[in-house]
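Got a structure for you, written out below as structure tokens; questions coming shortly.
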Amino acid sequence: MSSMALVEKLKTYLKRPSSVAFLVFAAVYAVALGGIFWGAWALDKVPVAPDCQTTFAVDDAAVWFRGVLAGGPFIPSDLMHVVGGMYVWVELQFALAAFLAALGVAFYLRGRRCSPLACYGAGAAYGLMGYCFTLFSAGHLGWFLWLMYGPFAFGLVDRAVRKGKWRNWALLGAVLAWSSVRQPDLWLLFTLLTFFYGVWCLVRERRTLRWGRTFAGVGVCVLATLLVGMPQYGHAIFHELGNREKQIAESTGGDASAAAAKSDDPAARAKAREERWRFCTSWSLPPEDTLEFLVAEVHGGSNDPRVFQQPGNRPYQGRLGQQGVVPPGPGGRHPVTGQMLKAGDVYWMPYRQHSLYFGVLTLGFACAGVVGWALLRRRRAADAAGADWSDVPFWIGAAVLVYLCALGGFTPFYRLVFALPFGDQIRCPVKFVHLLELCAAVLAGFGAEFLRARFGAGRAWVAPVLAAALALNVLDLARVDAKYLAVQDVAFQRAANEAAEDVAKLGGGKVFVAMAPQEGGRLVGESFGLHGVETAASPDEPGVRFVAAGGSALRDDARLNAQLKSGALRSAGMYTLSQQKGIRRAAQASAMLALLQVAAVPAPAPKEAPAPDRAKQLLGLLSVLATLGVAGWGLAALRRRRG
């Protein structure tokens, strides 16, 4: 294609309002996300994310690939292990999730014939809403994996029911499978919401549906879900549920509580059930925290000291947190509030690592959406601007229901949820706020569309003013999100470790790191592990063949010095330590670390690889092929449409 043809094609692209809206959305989002992670974009800097891996083995890509070959789950975003590497993607995976979540909401609203302005404005708000996005500070990567795929399910359900195309049904099945890899409890909640929305769509379109084709489409969806997601479904059913039961048992009295739950004594069963209730309703949304939907950090921000010690931050001091009961005895004072408590009182220990801020303008637009529907509800199909309002009652009803669920232990209503199948497996009812955020974002999209039509879609000033308000909303959300960033340096873990290379050359074996934490002992030990060397917690642990000793150990450790004198330990290498250059070989005069070999311990025999699980490998292969097939089908259709 010639340069002139490319220029003409670009001009044609830029003449489309939808193209301009997308480019503006992408630019505003890039500015917002760049600001949120400012200071963490360098490859040797990562956000503090306690529950998420932020340092990676030197052979991370090979480890991931071996897992896939062994039958582990495979989703398109896993390719970041080999495309750039995980240090490139630590922040980008959160940013990508927010961007894709925004596109997912825009995709749904576009199917409801909302304008590109309303679609991208509402989607942009959803991707950066407080609870939705600030969980990067806690490191809940499973939620962000759902965000990459799950929001598209609603637009696909709408199109699959209305249009009946096999491609939409297959993509819906794949999206449901990809979004289930981590965080199965949230996946279950959103899948239930998707199911109920699907029922709503069937009722909505009942007069024009070809029911035979619809039922066949549901079959295609189920088949795609099973083929794509079989590896992760097995993990969720047999591993995650087992872990949750173990966690509940440990937190509610262990084996004694489990035995009481199965006891013939009604009182014992009731007590065990109540303990499980307290466990499952910890981190319920306190009613007064609803104000934070509108006013950011009304009761404070994160309780992670690395975050709240940042300038301008303060810890959360509300009631969202662990639920407990005062044991028999004299009682005492609440450790945070100082309130006097007596035996049997239920109390809440505050702890959170996220915001609950929806955005003032998000809620304003959502209210406009409700008002717009109320004014236009007599028009069955569309308003004057062409948007289809028939789904608004569903999102209003869903918002009310999930808000009641989010209140959890603060309302008797949640007893109904707790009594449902798997209801007593769901912990932290505040997670229902995730669903509420989606409802609010969708209603905000309809609100923006209503205001656009109300003030006159053809007037020159309407679109720029609405676009400015929607962009301001995104930047306001980003301002709050940025307060949850704390940065840590991982240059040392990423850098070379020549001591680990020497261990491998000498035949391998466990390494005990005899260095005090203040001398960098924790980082040195982590670096060994990341560079493929197994570390030991004790020098007496079986298989310890090397000791990595720092200056204080060589100077003050009598046992170590005695072993050196007797010849039980002999020098295997000397090294310097540098934050940027890592562990490097050095002359003894400048060495800060000595690698000592235990003379009496032989090199370990090579580990035998476990026998491959052929059935698991077959399911994994089918999952990979199905993923590639469905994704390729969707991309081919998108390319034809763009063309």
Legend entry - Side-chain donor or acceptor of Thr225 paired with backbone N/O of Gly173 under 3.5 Å: yes
Legend entry - Contact summary for Ala118 and Leu109, nearest pair of heavy atoms: O-CD1, 4.2 Å
Inset, instruction - Please tell me if the side chains of Arg306 and Pro50 come closer than 4.5 Å, counting only heavy atoms from C-beta onward. - result: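 Arg306 reaches Pro50 side chain to side chain.
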Inset, instruction - Give, for atom CD of Gln323 and atom SG of Cys428, the distance between the pair rounded to the nearest 0.5 Å. - result: 11.5 Å
Inset, instruction - Walk me through it: do Leu466 and Phe365 pass the test side chain to side chain contact (heavy atoms under 4.5 Å, CB included)? - result: CA-CA 10 Å; Leu466 280 178; Phe365 280 114; 3.8 Å; yes
Legend entry - Pair Tyr131 + His434: ring centers closer than 6.0 Å: yes
Legend entry - pair Val90-Leu43: side-chain heavy atoms closer than 4.5 Å: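 Sidechains of Leu43 and Val90: no contact.
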Inset, instruction - For the residue pair Tyr357 and Asp476, confirm or rule out a side-chain donor-acceptor distance under 3.5 Å. - result: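 Note: Tyr357 and Asp476 side chains meet the donor-acceptor criterion.
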Inset, instruction - Any chance you could measure Leu186, atom CG, to Trp146, atom CH2, to the nearest 0.5 Å? - result: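 Answer for the CG-CH2 pair, Leu186 versus Trp146, is 8.5 Å.
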Inset, instruction - Verify whether one side chain among Thr134 and Asp481 offers a donor that lies under 3.5 Å from an acceptor in the other. - result: no
Inset, instruction - Would you mind reporting whether Met86 and Gln93 have side-chain heavy atoms less than 4.5 Å apart? - result: yes
Legend entry - Test item: Thr411 side-chain N/O and Gly408 main-chain N/O as donor-acceptor pair under 3.5 Å: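 A pair under 3.5 Å: no.
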Inset, instruction - Decide, yes or no, whether a salt bridge links Arg112 with Asp158 under the criterion of side-chain N to carboxylate O below 4.0 Å. - result: yes
Legend entry - Centroid separation Phe56 to Trp89 less than 6.0 Å: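 Not under 6.0 Å, so no.
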Legend entry - Residue pair Tyr414, Cys280: steps toward the side chain to side chain contact (heavy atoms under 4.5 Å, CB included) verdict: CA-CA 11 Å; Tyr414 198 73; Cys280 291; 5.6 Å; no
Legend entry - Pairing of Arg319 and Glu288 as salt bridge, 4.0 angstrom limit: yes
Legend entry - Asp489 side-chain N/O to Lys45 backbone N/O, donor-acceptor pair under 3.5 Å: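 Flag not set: sc Asp489 to bb Lys45 has no pair under 3.5 Å.
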Legend entry - Validation row: Tyr126, Glu437 side chains within 4.5 angstrom (heavy atoms):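 With C-beta onward as the side chain, the pair touches.
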Legend entry - Distance (rounded to the nearest 0.5 Å) between Asp185 CG and Trp143 CH2: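 The CG atom of Asp185 sits 10.5 Å away from the CH2 atom of Trp143.
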Inset, instruction - Verify the distance criterion only: is there a donor paired with an acceptor across the side chains of Asp388 and Ser390 at less than 3.5 Å? - result: yes
Legend entry - Derivation and outcome, side chain to side chain contact (heavy atoms under 4.5 Å, CB included), residues Val48 and Ser137: CA-CA 6 Å; Val48 170; Ser137 184; over 6 Å; no
Inset, instruction - Using a 4.5 Å cut-off on heavy atoms from C-beta on, say whether the side chain of Trp169 contacts that of Leu156. - result: no
Legend entry - Polar side-chain atom of Ser355 near backbone of Gly130 as donor-acceptor pair, under 3.5 Å: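 Checking the backbone N and O of Gly130 against the side chain of Ser355, no donor-acceptor pair under 3.5 Å is found.
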Legend entry - Residues Ser77 and Tyr149: side-chain donor-acceptor under 3.5 angstrom: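 Looking only at side-chain atoms, Tyr149 and Ser77 do form a donor-acceptor pair, the distance falling under 3.5 Å.
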Legend entry - pair Phe410-Leu285: side-chain heavy atoms closer than 4.5 Å: no
Side chains of residues 97-106: which donor-acceptor partners sit under 3.5 Å, not counting sequence neighbours?
none

Legend entry - Main-chain N/O of Cys201 paired with Arg162 side-chain donor or acceptor, under 3.5 Å: no
Legend entry - Any residue meeting side-chain hydrogen bond (donor to acceptor under 3.5 Å, both in side chains) with Trp283, in chain and number order, not counting sequence neighbours: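 Partners of Trp283 under the side-chain hydrogen bond (donor to acceptor under 3.5 Å, both in side chains) test: none.
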Inset, instruction - Starting at CG of Leu404, measure out to CZ of Phe413 and round the result to the nearest 0.5 Å. - result: 5.0 Å
Inset, instruction - Give the minimum heavy-atom separation between Thr290 and Pro287, together with the two atoms involved. - result: OG1-O, 2.9 Å
Inset, instruction - Using a 4.5 Å cut-off on heavy atoms from C-beta on, say whether the side chain of Thr55 contacts that of Tyr87. - result: yes
Legend entry - Any donor-acceptor pair under 3.5 Å from Glu91 side chain to Phe37 backbone: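 Between the backbone of Phe37 and the side chain of Glu91 there is no qualifying donor-acceptor contact (under 3.5 Å).
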Inset, instruction - Measure from the ring center of Tyr197 to the ring center of Tyr108 and say whether it is less than 6.0 Å. - result: yes
Inset, instruction - Please tell me if the side chains of Gln317 and His299 come closer than 4.5 Å, counting only heavy atoms from C-beta onward. - result: no
Legend entry - Cation-pi check, Arg415 onto Trp277 ring (under 6.0 Å, within 45° of axis):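 The answer is yes; both the distance and angle limits are met.
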Inset, instruction - Without swapping roles, check the side chain of Arg159 against the backbone of Gly155 for a donor-acceptor pair under 3.5 Å. - result: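 Yes; at least one donor-acceptor contact below 3.5 Å.
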Inset, instruction - Specify whether Phe94 and Phe136 have parallel, tilted or perpendicular ring planes, treating 30° as the upper limit for parallel and 60° as the lower limit for perpendicular. - result: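 Plane angle between 30° and 60°, so tilted.
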Legend entry - Tyr316 versus Asp289, side-chain donor and acceptor atoms under 3.5 Å: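 Per modelled atom types, Asp289 and Tyr316 side chains form a pair under 3.5 Å.
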Legend entry - From Thr191 atom OG1 to Leu176 atom CG, the distance as rounded to the nearest 0.5 Å: 5.5 Å
Legend entry - Arg110 charged N/C atom sitting above Tyr120 aromatic ring, 6.0 Å / 45°: no
Inset, instruction - Establish, yes or no, whether a centroid distance under 6.0 Å links the rings of Phe450 and Phe446. - result: no
Inset, instruction - Report the C-alpha separation of Leu193 and Leu438 in whole Å, then their side-chain angles, then the decisive distance to 0.1 Å, and conclude whether the side chain to side chain contact (heavy atoms under 4.5 Å, CB included) test is met. - result: CA-CA 11 Å; Leu193 184 63; Leu438 177 64; 4.2 Å; yes
Legend entry - NZ/NE/NH1/NH2 to OD/OE distance under 4.0 Å, Lys483 and Glu297: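 Salt bridge flag = yes for Glu297 with Lys483.
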Inset, instruction - Enter the distance from Leu356:CG to Leu294:CG here, rounded to the nearest 0.5 Å. - result: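 CG of Leu294 is found 12.5 Å from CG of Leu356.
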Legend entry - Distance-only donor-acceptor check, side chains Thr54 and Gln488, under 3.5 Å: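 Yes.
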Legend entry - Residue pairs involving residues 357-372 (criterion salt bridge (Lys or Arg N to Asp or Glu O under 4.0 Å); sequence neighbours excluded):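 Found none.
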Inset, instruction - Output yes when Arg352 and Glu292 qualify as a salt bridge under the 4.0 Å nitrogen-oxygen rule, no when they do not. - result: yes
